Student: 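So that we are looking at the same thing, I have put the structure below in structure tokens.
Values below: every heavy atom of this structure, side chains too, minus hydrogens, waters and symmetry copies. Since we're looking at a predicted model, the values are computed, not measured.
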Amino acid sequence: MDKALYIGMSGAKQNMLSQRAHANNLANVNTTGFKKDFAQARSMPVFGEHHPTRAYAMAERPGTDLSAGALMQTGRKLDVALEGDGWLAVQNDLGEEVFTRSGSLQVDVNGLVRLSSGEMVLGNGGPVALPPFDNVQLGADGTVSIVPVGGPPDQLVEIDRLKLVNPPKDAIEKGLDGFIHRKPGAAVEGGEPADGALRIASGFLESSNVNAVEEMISNLQLSRQYEMQVKVMRTANENSEAAARLLRNL
């Protein structure tokens, strides 16, 4: 009885963890540049003092789907989307260089270019900072140009260039903060080198690559599996009670 009870208990717990992963994907179906997490389950032996026949199911996130989402036209000059592969380099709250496909940019009161979530956008020499301007334009290669305050509308001054990078996919992973990081031990000294071949589309944003229908179906399947695990635990309990009654009658 303990075998069935243990398998049912561990399976139900891991089903709940898998549901959490799919629910997180579904919750970010409208998050700009979001990359969905994969989820899978596999059989694992029980560690420590145990019977060698004992095993349990373990849910895990084997990786992240790094495929590009669809481009959505916004018409806003400071909205950018990368065309094809690549990432926009930004600086997180810890001062680390991280990568994202979310390109909703804004300029704060100090002239610093930031993501809508507040992280500073990096350029060739650090965070991109703009002097007072009447207009700003972003080139296809990431060049940031402005029309200075009071200047002729057709006179653009190049200020900086967005840092666009393309690290190997097997060297990066998604962190708990939602940004893409270099894997431990795979960091590049001096920061990720810029890739001059990458291009952006101004006036567009990249949508999430989450398929809402697939995530909902996966959650429904996991819910049914959870119910089956609960039934296994209930049946094991009933069988144990029945066995105990038989022993009392002997």
Side-chain angles (χ1 to χ4, degrees), residues 16-41 59-106 108 113-122 128 138 142 162-184 186 192 195 198-223:
M16 292 176 64
L17 295 177
S18 294
Q19 282 182 294
R20 185 184 303 174
H22 287 287
N24 181 64
N25 287 341
L26 193 57
N28 286 282
V29 68
N30 292 320
T31 300
T32 302
F34 180 82
K35 303 303 176 189
K36 72 176 182 180
D37 294 318
F38 293 118
Q40 70 177 23
E60 59 184 359
R61 188 189 77 175
T64 303
D65 184 355
L66 300 179
S67 62
L71 297 188
M72 306 179 295
Q73 185 171 7
T74 65
R76 182 173 174 269
K77 293 181 180 179
L78 288 177
D79 285 343
V80 297
L82 282 95
E83 299 178 344
D85 294 333
W87 305 89
L88 176 65
V90 300
Q91 183 175 294
N92 65 11
D93 295 337
L94 300 177
E96 302 169 332
E97 182 181 75
V98 295
F99 317 124
T100 182
R101 298 276 294 193
S102 177
S104 181
L105 311 182
Q106 59 186 16
D108 67 12
V113 179
R114 297 178 179 270
L115 296 181
S116 57
S117 53
E119 291 77 15
M120 289 189 293
V121 176
L122 297 178
V128 179
L138 300 175
L162 301 178
K163 186 175 182 180
L164 307 176
V165 300
N166 192 20
K169 291 184 178 180
D170 59 356
I172 56 177
E173 63 183 0
K174 189 166 79 170
L176 296 177
D177 55 3
F179 290 104
I180 302 299
H181 297 249
R182 271 275 187 171
K183 291 181 179 178
E192 193 71 29
D195 189 336
L198 298 178
R199 291 294 180 265
I200 62 171
S202 179
F204 289 83
L205 288 175
E206 181 181 327
S207 66
S208 166
N209 67 354
V210 174
N211 185 312
V213 175
E214 288 181 359
E215 297 302 320
M216 291 179 67
I217 291 174
S218 295
N219 260 334
L220 288 173
Q221 291 175 335
L222 288 168
S223 295

Student: With salt bridge (charged side-chain N to carboxylate O under 4.0 Å, His left out) as the criterion, how do Arg182 and Glu192 come out once you've worked through the C-alpha distance, each side chain's angles and the decisive distance to 0.1 Å?
Tutor: CA-CA 9 Å; Arg182 271 275 187 171; Glu192 193 71 29; 2.9 Å; yes
Student: Decide yes or no for Leu205 and Arg76: does some side-chain heavy atom of the first lie under 4.5 Å from some side-chain heavy atom of the second?
Tutor: no
Student: Is there a side-chain contact (heavy atoms from CB on, under 4.5 Å) between Leu66 and Ile180 once you walk through the steps?
Tutor: CA-CA 10 Å; Leu66 300 179; Ile180 302 299; 4.2 Å; yes
Student: With a 4.5 Å limit on heavy-atom distance, are the side chains of Val165 and Phe99 in contact?
Tutor: yes
Student: With Asn211, which residues qualify under side chain to side chain donor-acceptor pair (under 3.5 Å), at least two apart?
Tutor: none
Student: I would like to know whether His22 and Leu222 meet side-chain contact (heavy atoms from CB on, under 4.5 Å); could you show each step before the answer?
Tutor: CA-CA 10 Å; His22 287 287; Leu222 288 168; 3.5 Å; yes
Student: Would a 4.5 Å heavy-atom cut-off, applied to side chains only, mark Val128 and Arg114 as touching?
Tutor: no
Student: Would you call Lys163 and Glu97 a salt bridge, taking side-chain N to carboxylate O under 4.0 Å as the test?
Tutor: yes
Student: With a 4.0 Å cut-off on N to O distance, would you call Lys35 and Asp65 a salt bridge?
Tutor: no
Student: So does Glu173 get a backbone contact from the side chain of Lys183, meaning a donor-acceptor N/O pair under 3.5 Å?
Tutor: no
Student: Give the C-alpha distance, both sets of side-chain angles, the deciding distance and a yes or no for side-chain contact (heavy atoms from CB on, under 4.5 Å) between Leu26 and Met216.
Tutor: CA-CA 7 Å; Leu26 193 57; Met216 291 179 67; 3.8 Å; yes
Student: Side chains of Trp87 and Ile172: closer than 4.5 Å at any heavy-atom pair?
Tutor: yes
Student: May I ask you to check whether Glu60 and Gln40 show a side-chain donor-acceptor distance below 3.5 Å?
Tutor: yes
Student: Is a donor on one side and an acceptor on the other found under 3.5 Å between the side chain of Thr100 and the backbone of Ser102?
Tutor: yes
Student: Please name the residue in the list Gln91, His181, Glu119 that meets the side-chain contact (heavy atoms from CB on, under 4.5 Å) test with Val98.
Tutor: His181
Student: Could you list the residues that satisfy side-chain contact (heavy atoms from CB on, under 4.5 Å) with Val210, not counting sequence neighbours?
Tutor: Asn25, Val29, Phe34, Lys36, Ser208, Glu215
Student: Can you tell me how far apart CG (Asn28) and CG (Asn209) are? Round to the nearest 0.5 Å.
Tutor: 10.5 Å
Student: For atom CZ of Arg20, decide whether the heavy atoms of other residues, nucleotides or ligands shown that lie under 6.0 angstrom number more than 12.
Tutor: no
Student: Would you give the length of the straight line joining atom CG of Leu164 to atom CG of Leu122, rounded to the nearest 0.5 angstrom?
Tutor: 11.0 Å
Student: Decide yes or no on side-chain contact (heavy atoms from CB on, under 4.5 Å) for Leu115 and Leu88, but give the supporting numbers first.
Tutor: CA-CA 10 Å; Leu115 296 181; Leu88 176 65; 4.3 Å; yes
Student: Any Lys/Arg nitrogen of Arg101 or Glu206 sitting under 4.0 Å from an Asp/Glu carboxylate oxygen of the other?
Tutor: yes
Student: Quick one: pull up CG in Asn30 and CE in Met72 and give me the separation to the nearest 0.5 Å.
Tutor: 8.0 Å
Student: Donor-acceptor pair, distance only, cut-off 3.5 Å: does the side chain of Thr64 make one with the backbone of Asp37?
Tutor: no
Student: Donor-acceptor pair, Ser18 side chain versus Ala59 backbone, under 3.5 Å?
Tutor: no
Student: Kindly compute the distance separating OG (Ser207) from CG (Leu71), expressed to the nearest 0.5 Å.
Tutor: 7.5 Å
Student: Looking at side-chain heavy atoms only, is the closest gap between Val90 and Phe179 below 4.5 Å?
Tutor: yes
Student: Kindly write out the residues that satisfy side chain to side chain donor-acceptor pair (under 3.5 Å) with Ser116, not counting sequence neighbours, or none if the list is empty.
Tutor: none
Student: Is there a donor-acceptor pair under 3.5 Å between the side chain of Asp79 and the backbone N or O of Gly75?
Tutor: no
